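Working notes, beginning with the structure itself.
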Amino acid sequence: MLKNKNLLFVIVGPTGIGKTGLSIRLAKYFNSEIISSDSRQFYRELKIGTAAPSQNELNEVSHHLIGNISIFDYYNVHKFELDCLRILDGIFEKYGFAFLVGGSGLYVDALCNGIDDIPDVDADTRQRVLDRFNKEGIESLRFDLKKLDPEHYATIDLKNPKRIIRAVEVCLSTGKPFSTFHTGNQRKRPFEIVKIGLNQNRQELYSRIDARVELMIEQGLENEARQFYKHKNLNSLNTVGYKEMFEYFDGEISKEKAIELIKRNTRRYAKRQLAWFARDKSTRWFDINNQNEICEFIEGELRIRRR
RNA sequence: GGUGCCAUAGCUCAGUUGGUAGAGCAACGGACUGAAAAUCCGUGUGUCCCUGGUUCAAUUCCAGGUGGCACCA
């Protein structure tokens, strides 16, 4: 047990770097449990293409939020925040510290800093706004947003449909400007957070990514994707590894091309993750090959708090 | 060995009637408050093979060299 506050180790890094393997070793060695902050490993149907931990790996250490929902479910970052806090209570009670591991930056931040309370948008409004976007394009929604929330309009990325749609949705369903919900406040958490970033030489990372994609193909990614081909429009399936396979099934590209695109899109995803995680200056970065250093660092953090 | 063609970005190639160069793909940088593995924005990164010659000026023309390809021996 820790002396004062409980402690959360947050392990982040680009896809394919080896977060899963490392975190299992750490959780076993230090004796605690793992919560996943990977927005695609939540889906129980997606195993191969998301490189979810295997059954053997799951048996080694208790994992949370892996395969906890279906691709047909609606899930979001706020639900994630609540789920995490609930699960953490249990883990802290048993061990006093826990590991959060995953590459979805927005989700990690939602847990660490909190996210503003915004009422859910009802399905009708969401559909109406989407329909308008599809029929009239982004211009029309931009025009609306300018009237509904000039403050947000001034700062938002006006070329990004998702941002505009979301803002208009919230304005319409709540009757208040979207920006009024943004407090900019960091939530105070009843636990301490230590962030560990994993990185390595870019070329090595890319080799690992390529090898992992080849492995997914061997493991049967094509079959896994084919099972859900008829649901390809689900948001949960707008995911690297699946969307390229769907293009192949559509007859738009060859299988070889699909594999090549999965590799490329995974590389691009990894870069976006690195850009996101680089913003948080409190993150302590390690090379994935220096696992002893990481171990010693965690040991040290625990020792400080144990007396 | 001879003849011809080629040599320009990481790759495939375009181009400059002589004024130091540009496409596609790849790559790189960034943003991010409830669908985030999503979505969006930005960036040419170059001894134009080497050495000489002609010229105010050579990646471009000429000569030689090197490397590659093709054909003939």
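Since the structure is predicted, the reported quantities are computational estimates derived from the model, not experimental observations. Below, chain A is the first sequence line, B the second, and so on; all start at residue 1.
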Legend entry - Salt-bridge contact A:Glu214-A:Lys263 (side-chain N to carboxylate O under 4.0 Å): yes

Legend entry - Between B:rU16 and B:rC49 - P atom distance, rounded Å: 16 Å

Inset, instruction - Under 4.0 Å between any heavy atoms, over every strand shown, what does A:Gly241 touch: base, sugar-phosphate, or nothing? Just pick one. - result: nothing

Inset, instruction - Answer with yes or no whether the side chains of A:Gln55 and A:Asn59 bring together a donor and an acceptor at under 3.5 Å. - result: yes

Inset, instruction - Spell out, as yes or no, whether a donor-acceptor pair under 3.5 Å connects the side chain of A:Glu222 to the backbone of A:Ile217. - result: no

Inset, instruction - Look at all strands and tell whether A:Thr266 reaches a base, only sugar-phosphate, or nothing, counting heavy atoms closer than 4.0 Å. - result: nothing

Inset, instruction - Check the distance between B:rC41's C1' and A:Ile164's CD1 and give it to me in whole angstrom. - result: 13 Å

Inset, instruction - Check every strand shown and say whether A:Asn265 touches a base, only sugar-phosphate, or nothing at a heavy-atom separation below 4.0 Å. - result: nothing

Inset, instruction - Could you give the distance separating B:rG10 and B:rU51 at their C1' atoms, to the nearest angstrom? - result: 27 Å

Inset, instruction - Ignoring backbone atoms, test whether A:Asn238 places a side-chain nitrogen or oxygen under 4.0 Å from the OP1 or OP2 oxygen of B:rU39. - result: yes

Inset, instruction - Provide, to the nearest angstrom, the distance between the CD1 atom belonging to A:Ile156 and the P atom belonging to B:rU39. - result: 16 Å

Inset, instruction - Could you verify whether a donor N or O on one side chain and an acceptor N or O on the other, from A:Tyr269 and A:Gln273, lie under 3.5 Å apart? - result: yes

Legend entry - B:rG68 and B:rA63, which share atom name P, separated by this distance in whole Å: 22 Å

Inset, instruction - Check the distance between B:rG29's P and A:Gln273's CD and give it to me in whole angstrom. - result: 14 Å

Pull out every protein N or O sitting under 3.5 Å from an N or O of nucleotides 9-11 of chain B, one pair per line with the distance.
none

Inset, instruction - Would you please classify the geometry between the A:Phe99 ring and the A:Phe9 ring as parallel, tilted or perpendicular, with 30° and 60° separating the classes? - result: parallel

Inset, instruction - Classify the side chain of A:Arg163 versus the base of B:rA38 as yes if they form a donor-acceptor pair under 3.5 Å and no if they do not. - result: yes

Legend entry - Whole-Å distance separating the CG atom of A:Asp109 from the C1' atom of B:rU33: 9 Å

Inset, instruction - Would you mind classifying the nucleic acid contact of A:Gly184 as base, sugar-phosphate or nothing, using non-hydrogen atoms under 4.0 angstrom? - result: base

Inset, instruction - May I ask you to decide if A:Ile11's main-chain N or O and A:Lys19's side chain share a donor-acceptor pair within less than 3.5 Å? - result: no

Inset, instruction - Identify whether any heavy atom of A:Asp117 sits under 4.0 Å from a base atom; if not, whether one sits that close to sugar-phosphate; answer base, sugar-phosphate or nothing. - result: base

Legend entry - Intra- and interstrand pairs of RNA chain B - dot-bracket, Watson-Crick/G-U under 3.5 Å, | marks other strand: (((((((..((((.....[..)))).(((((.......))))).....(((((..]....)))))))))))).

Inset, instruction - Could you check whether A:Phe181 gets within reach of a base, just the sugar-phosphate, or nothing at all, counting any heavy atom under 4.0 Å? - result: nothing

Legend entry - Plane angle bin for A:Tyr107 and A:Phe80 - parallel if under 30°, tilted between 30 and 60°, otherwise perpendicular: perpendicular

Legend entry - Shortest side-chain distance from A:Ser104, nucleotide among B:rU39, B:rG34, B:rA36: B:rA36

Legend entry - Distance, P atom - from B:rU8 to B:rG46, rounded to whole angstrom: 15 Å

Inset, instruction - Using a cut-off of strictly less than 4.0 Å between a heavy atom of the residue and any atom of RNA chain B, enumerate the qualifying residues of residues 212-230 of chain A by number. - result: none

N/O to N/O distances under 3.5 Å, protein versus nucleotides 26-28 of chain B:
unit_1: B:rA26; atom_1: OP1; unit_2: A:Arg264; atom_2: NE; d: 3.3
unit_1: B:rA26; atom_1: OP1; unit_2: A:Arg264; atom_2: NH1; d: 2.0
unit_1: B:rA26; atom_1: OP2; unit_2: A:Arg268; atom_2: NH2; d: 3.3
unit_1: B:rA27; atom_1: OP1; unit_2: A:Arg267; atom_2: NE; d: 2.4
unit_1: B:rA27; atom_1: OP1; unit_2: A:Arg267; atom_2: NH2; d: 3.1
unit_1: B:rC28; atom_1: OP1; unit_2: A:Arg202; atom_2: NH1; d: 3.0
unit_1: B:rC28; atom_1: OP1; unit_2: A:Tyr206; atom_2: OH; d: 2.9
unit_1: B:rC28; atom_1: OP2; unit_2: A:Tyr206; atom_2: OH; d: 2.9
unit_1: B:rC28; atom_1: OP2; unit_2: A:Lys271; atom_2: NZ; d: 2.8

Legend entry - Exercise: identify the closest heavy-atom pair between A:Gly18 and A:Arg208: CA-NH2, 3.7 Å

Inset, instruction - Could you tell me whether the side chains of A:Asp122 and A:Ser173 share a donor-acceptor contact shorter than 3.5 Å? - result: no

Legend entry - Candidates B:rA38, B:rA35, B:rC40 - which lies nearest the side chain of A:Asp157: B:rC40

Legend entry - Anti versus syn assignment for B:rG67, with syn defined as within 90° of 0: anti

Legend entry - OP1 or OP2 of B:rG34 under 4.0 Å from side-chain N/O of A:Tyr75: no

Legend entry - d(CD, A:Glu260; C1', B:rU12) in whole Å: 13 Å

Inset, instruction - Scan A:Phe178 against the nucleic acid and name what it touches under 4.0 Å (heavy atoms): base, sugar-phosphate only, or nothing. - result: sugar-phosphate

Inset, instruction - Ignoring backbone atoms, establish whether A:Arg272 has a side-chain N or O less than 4.0 Å from OP1 or OP2 of B:rC40. - result: no

Legend entry - Residue pair A:Arg212 / A:Thr15, side-chain donor-acceptor N/O under 3.5 Å: yes

Legend entry - Cationic N near anionic O, under 4.0 Å, A:Arg189 to A:Glu81: yes

Legend entry - C1' atoms of B:rA9 and B:rU43, separation to the nearest Å: 14 Å

Inset, instruction - Would you check if the side chain of A:Asp73 reaches a backbone N or O of A:Ser70 as a donor-acceptor pair within less than 3.5 Å? - result: yes

Legend entry - Any donor-acceptor N or O pair under 3.5 Å, side chains A:Gln127, A:Asp131: yes

Legend entry - Pairwise P distance for B:rG24 and B:rC50, with rounding to whole Å: 27 Å

Inset, instruction - Using a 4.0 Å heavy-atom cut-off across all strands, classify A:Leu130 as base, sugar-phosphate, or nothing. - result: base

Legend entry - Short side-chain N/O contact from A:Lys159 to OP1 or OP2 of B:rU39, under 4.0 Å: no

Inset, instruction - By nearest nucleotide on RNA chain B, pick out whichever of A:Lys162 and A:Arg126 is the more 5' one. - result: A:Arg126

Inset, instruction - Considering only atom C1', compute the distance from B:rU59 to B:rG15 and round it to an integer number of Å. - result: 10 Å

Inset, instruction - Quick one: list whatever passes salt bridge (Lys or Arg N to Asp or Glu O under 4.0 Å) with A:Asp210, sequence neighbours left out. - result: A:Arg267

Inset, instruction - Name the residue closer to the 5' end of RNA chain B, choosing between A:Thr239 and A:Val77 according to the nucleotide with the nearest heavy atom. - result: A:Val77

Inset, instruction - Would you indicate what A:Tyr74 reaches in the nucleic acid, counting non-hydrogen atoms under 4.0 angstrom: base, sugar-phosphate, or nothing? - result: sugar-phosphate

Inset, instruction - Measure from CD1 on A:Ile165 to C1' on B:rU33 and round the result to the nearest Å. - result: 16 Å

Inset, instruction - Using atom types as modelled and distance alone, determine if a side-chain donor or acceptor of A:Asn265 lies under 3.5 Å from a backbone N or O of A:Val240. - result: no

Legend entry - Ring-ring centroid check A:Tyr242 A:Phe228, cutoff 6.0 Å: no

Inset, instruction - Return yes if a side-chain donor-acceptor contact under 3.5 Å exists between A:Tyr74 and A:Asp120, otherwise no. - result: no

Legend entry - Spacing of the P atoms in B:rU45 and B:rC13 (rounded, Å): 23 Å

Inset, instruction - Examine B:rA36: is either OP1 or OP2 under 4.0 Å from a nitrogen or oxygen in the side chain of A:Asn235? Give yes or no. - result: yes

Inset, instruction - Can you tell me which residue pairs pass the side chain to side chain donor-acceptor pair (under 3.5 Å) test with a partner in residues 232-241 of chain A, sequence neighbours excluded? - result: A:Arg40-A:Thr239, A:Lys232-A:Asp250

Legend entry - Rounded interatomic separation in angstrom, taking CG from A:Leu274 and C1' from B:rA36: 16 Å

